[in-house]
Protein chains: 2
Amino acid sequence: MSTKISLDQWQALIAVVDEGGYAAAAEALGKSQSAISYAVQKIETELGIRAFTLEGRRAKLTETGDMLYRQAKLLLEEAGRIENSAIQSSHGWEPLVRLAADALFPRQQALCALVTLAEESPLTRVEFQETVLSGSEEALLRHEADVVVTGRVPPGFMGDHLMRVRFIAVAAPGHPLHQKGELSLEDLRAHRQLVIRDSGKRRLDSGWLGAEQRWTFSYGGSRREALLRGLGFAWAPETEVDGDLEAGTLQPLPLKEGGERYGDLYLVYADGQYAGRAARFLGESLKASCRNPDTDH
Amino acid sequence: MSTKISLDQWQALIAVVDEGGYAAAAEALGKSQSAISYAVQKIETELGIRAFTLEGRRAKLTETGDMLYRQAKLLLEEAGRIENSAIQSSHGWEPLVRLAADALFPRQQALCALVTLAEESPLTRVEFQETVLSGSEEALLRHEADVVVTGRVPPGFMGDHLMRVRFIAVAAPGHPLHQKGELSLEDLRAHRQLVIRDSGKRRLDSGWLGAEQRWTFSYGGSRREALLRGLGFAWAPETEVDGDLEAGTLQPLPLKEGGERYGDLYLVYADGQYAGRAARFLGESLKASCRNPDTDH
DNA sequence: GCAATATCTTCGAAATATCTGATATGTCGA
DNA sequence: TCGACATATCAGATATTTCGAAGATATTGC
């Protein structure tokens, strides 16, 4: 393994890009300008490439430089994370836990677990990100969360099964599908389906067997609104619509077969066995809340 | 961002663990023993933790130390990779391209593309890894390949659609399923299904709707063998069994409905837009071979 | 077109961090 | 208790990084 370039040198390169120049970078890092110049040159000569070209009196990133910049930035973040996690591991509760939970996971339970954590460790801050489809997976891969509730466990991570979510096909009582008696899956295809848009950067179309027409909604109340107005039908998680089912404002579609679908949710720690104390505690609380979901707060 | 610890210091820690002691680490890194001691102590004081405890006259990793060790090892690898990719980017063709292709992808086409690459850049070495199910995804996430043909594109990566693979349900002519006339999917459940085992570290059961009994095979000829002997049925990619279908040693099951399934394969560059010249060339060759699959070599 | 300004480079000297070699401290086994 | 072994510590040597000032080059304003 080579590692001719030190972290400080990478940091210099990054600062030059972020601050928009050698002088500004020097300021930001609290060093002299020539130190920056020296560090960047060292990278260039060691690797035999040019990271910047002088465009007029301004330094401009080359293609290669841009590549290095992005990768080095990740490298530094990673390095910082390692140091932090080390410090945390010795101090008991970490100061921040980031939870990313798929929107399918009942909010009630997530909040309940967070409350439990707050009682145990009041000084630990919490960031709660609600995600859709691949969003939770992405949070995991980018290390943007410490505890993740996701429908898919990426390879290389350990997932604990949390719960099974039941989806039912629903539509407003006045929707034409409710006039036809027993329905087959074929009947659904002819109608407009309301689906949730992926919150990941990369938009994956959710895999539900394709209706001809589909409208997509970002997560939030908007899809429910559209359902209530009879704009289409949807496969919705049971917990999301049980209020409306009781109230009668939505009704399950009378499907002959395949009237239910299931999805599974898993609990994953981003740091695996090295998850911090608070992360672990939160994870256990989530699992507990799934074992006996009655004990609401 | 902190980064109080330099890469060299992490390297010292790693060497101590790998070589089994400060003295051995010093030897391995070509430095004096006190330099190692100094570096490790610096880590410990900067982070306020203990990485090693003296157990008798031997240094032993603490829990925290173990965590640091593993993470630091990844960090160093990452750093090395960045430097290499930089060097490569300036030298035209990179010396090595690693291709990970799902076994569903026709070998013919992969080899054909590799041959094209070899003609263009004879000095570029190739590593070809055949993967199953999540294996290709894992190769991507762990950065164990530069060009990947996978059935699933992890969030955050850009995938180019390469081809659609048709699966058909097949069994040997003598298999009981062939005696029953038209079959429903229900009929299949009662019979033994032969599936391919995931090559990823984490074993995911492939998602095919569950038969009651399933036997799993690692990739290779073994499943075909079992099929030929009438040990069960399988969903097999068309290209894998067309020889046997022509020869009559396997026959498609006469399913009333759902007699075909489809999977899609995507081309992904691990380094996105910064893929090297050879990686890009290989990717383009793969795409070309999918556009006109006739021009075999 | 010319001076003033902004920006990066270069260079020798100074500051700092790291390394070496010798020695100290502590453990294990006989 | 002694000798072999393993890490810790210390003082001086070495290497690297940094600084400040002067130099080079392009932009700006007049």
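Sequence lines set the chain letters: A, B, ... in the order given, protein chains first and strands last, and positions in each chain run from 1.
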Checklist line | Rounded distance (Å) that lies between atom P of D:dT17 and atom CG of A:L7 | finding: 12 Å
Next item on the list: Using atom CD of A:Q33 as one end and atom P of C:dA6 as the other, report the distance to the nearest whole Å.
Entry: 13 Å
Check: A:Y38 side chain: which of D:dA6, C:dT9, D:dT17 is closest?
Finding: D:dT17
Notebook entry, point to check: According to a strict under-4.0 Å criterion, is B:R57 in side-chain N/O contact with OP1 or OP2 of C:dG26?
Noted result: no
Notebook entry, point to check: In whole angstrom, what separates B:L54's CG from D:dA8's C1'?
Noted result: 8 Å
Checklist line | Phosphate-side-chain proximity, A:S32 and D:dG20, N/O vs OP1/OP2 below 4.0 Å | finding: no
Item checked: Whole-Å distance separating the CD1 atom of B:I5 from the P atom of C:dT18 -> 10 Å
Notebook entry, point to check: Hey, does B:A35 reach any base, or is it just sugar-phosphate, or nothing, if we go heavy atoms under 4.0 Å?
Noted result: base
Check: How many Å lie between CG on B:L29 and P on C:dT18, as a whole number?
Finding: 15 Å
Check: What integer distance in Å separates B:Q41:CD from D:dT7:C1'?
Finding: 9 Å
Next item on the list: May I ask you to say what B:Q9 touches in the nucleic acid, namely base, sugar-phosphate or nothing, with a heavy-atom cut-off under 4.0 Å?
Entry: sugar-phosphate
Next item on the list: Could you check how far CH2 of A:W10 sits from P of D:dT17, rounded to whole Å?
Entry: 14 Å
Check: A:F105 pairs by side chain to side chain contact (heavy atoms under 4.5 Å, CB included) with which of A:T131, A:L265, A:L99?
Finding: A:L265
Margin query: Considering every strand and a 4.0 Å limit on heavy-atom distances, what is the contact class for B:K60: base, sugar-phosphate, or nothing?
Written below: nothing
Check: Roughly how many Å is it from NZ in A:K31 to C1' in C:dT16, rounded to a whole number?
Finding: 11 Å
